[in-house]
There are 2 protein chains.
Amino acid sequence: MATTTERESRAEARRRYDAFLAECPSRQLLSRISDKWVALVLAALGGDGPAPGGDCGGEPRPLRYSELARRLSGVSQKMLTQTLRALERDGLVTRTVTPTVPVTVTYELTELGLSLHQLLGQVKAWAEAHMDEVLANRAAYDARAAGGPTS
Amino acid sequence: MATTTERESRAEARRRYDAFLAECPSRQLLSRISDKWVALVLAALGGDGPAPGGDCGGEPRPLRYSELARRLSGVSQKMLTQTLRALERDGLVTRTVTPTVPVTVTYELTELGLSLHQLLGQVKAWAEAHMDEVLANRAAYDARAAGGPTS
DNA sequence: CAGGATCCAGTAGGATACTG
DNA sequence: CAGTATCCTACTGGATCCTG
């Protein structure tokens with residue numbers, strides 16, 4: 001009987017510090033922006049593209065659902081819809097439904113979403129600035145680990 | 001026979017655009033810093049604490065493994081070790097082993113890690129600055145969704 | 001004390017099919 | 001075209017045991 005209860009009590013114990021962590025608002029925002037597709041959707045709506053040398057191009061402008069799906073190539077519509085709804089809920093994007101014959105829905109960055117996009121640009125800049133260092137450190141670490149220090 | 005092959009081919013097909021996304025270095029860094037515990041470890045080593053009103057306090061200083069585990073309360077040693085190793089590999093923290101009688105290991109932020117910590121501070125600042133807006137938007141959205149617009 | 005190895009649950013996320 | 005619902009897989013991440 002008590003076998004499953006142990007599991008449950010442990011799960012409940014987890015909730016306590018989990019809630020403690022979830023209390024911090026910045027943690028919530030961090031987990032929101034750190035989402036895999038959020039950054040890409042923001043980048044797409046902001047006119048920025050993930051691929052640094054090609055199709056992506058332009059300035060911030062509203063995009064249709066299908067356009068977003070095309071820009072983000074391999075995203076499932078589940079994730080795209082889910083991400084867009086979350087961003088809309090937080091007021092980072094606006095969803096505009098135009099009742100044409102086939103329904104047209106456009107998404108656009110709000111001021112708030114635009115500011116977050118700017119911030120992500122800073123993160124991107126940091127990453128690009130220090131990527132070589134990180135890569136070098138990583139290579140050195142791997143070489144050290146792979147039988148290097150034996151001789 | 002071919003039943004499993006379909007699955008495999010689909011999984012392989014996924015790899016292609018997955019690799020395309022993984023090519024972008026900033027994406028790698030983004031997923032690195034967006035890791036749940038990375039931010040907390042960085043914050044702990046940087047002297048910052050997740051809980052805004054209590055024990056956490058101090059300036060950037062080296063911490064022992066057990067100290068980190070204590071500061072981050074409910075982290076499993078698997079995640080802590082994993083996170084620390086990843087950060088060490090990227091050159092964001094240094095791992096110092098002191099061969100005392102019980103082995104003592106201390107972790108410290110590098111210059112690079114410190115700069116990332118600064119950046120995360122900016123993210124945190126943004127989150128704190130705009131959290132009320134986000135929360136308001138979220139509440140409004142939820143109210144609208146929960147039978148609000150019927151009347 | 002610091003951490004490696006292993007097992008296992010929870011969940012994020014993708015494929016598919018269907019609706020308005 | 002835009003979106004929802006369902007199923008299912010794979011990965012993340014925690015607990016536990018064990019070693020230098």
Exercise for the section: To the nearest Å, give me how far apart CE (A:M79) and C1' (C:dT11) are. Expected result: 11 Å
Exercise for the section: Would you indicate whether the side-chain heavy atoms of B:E88 and B:D90 approach each other to under 4.5 Å? Expected result: no
Exercise for the section: Taking all non-hydrogen atoms of both residues into account, name the closest pair between A:V75 and A:L80 and its distance. Expected result: CG2-N, 3.9 Å
Exercise for the section: Decide if atom CZ of A:R138 counts as having more than 12 heavy atoms of other residues, nucleotides or ligands within a radius under 6.0 Å. Expected result: yes
Problem - Same apolar cluster: A:Y141 and B:V105, side chain cutoff 4.5 Å - result: no
Practice task
Using five pairs at either end of the helix from C:dC1-D:dG20 to C:dG20-D:dC1, determine the angle between the two local helix axes and round it to 10 degrees.
Solution key: 40°
Handout entry: Rounded distance in Å - CZ (B:R89) to P (C:dG3)
Key = 17 Å
Problem - A:T96 side chain to A:Y107 side chain, donor-acceptor N/O pair below 3.5 angstrom - result: no
Practice task
Could you state the atom-to-atom distance from CD of B:Q82 to C1' of C:dG3 in whole Å?
Solution key: 13 Å
Problem - Under 3.5 Å: donor-acceptor pair, side chain of B:T98, backbone of B:T100 - result: no
Exercise for the section: Nearest whole angstrom, please: distance from the C1' of D:dC11 to the NZ of B:K36. Expected result: 15 Å
Problem - Donor-acceptor side-chain pairing of A:T104 and A:Y65 below 3.5 angstrom - result: no
Distances under 3.5 Å only, N/O to N/O: pair up the protein atoms with those of nucleotides 1-5 of chain D.
{"from": "D:dA2", "atom 1": "OP2", "to": "A:S66", "atom 2": "N", "distance (Å)": "2.9"}
{"from": "D:dA2", "atom 1": "OP2", "to": "A:S66", "atom 2": "OG", "distance (Å)": "2.7"}
{"from": "D:dG3", "atom 1": "OP1", "to": "A:R95", "atom 2": "NE", "distance (Å)": "2.9"}
{"from": "D:dG3", "atom 1": "OP1", "to": "A:R95", "atom 2": "NH2", "distance (Å)": "2.9"}
{"from": "D:dG3", "atom 1": "OP1", "to": "A:Y107", "atom 2": "OH", "distance (Å)": "2.8"}
{"from": "D:dG3", "atom 1": "OP2", "to": "A:Y107", "atom 2": "OH", "distance (Å)": "3.3"}

Practice task
Please identify each residue that fulfils salt bridge (Lys or Arg N to Asp or Glu O under 4.0 Å) with A:R85, with sequence neighbours left out.
Solution key: none
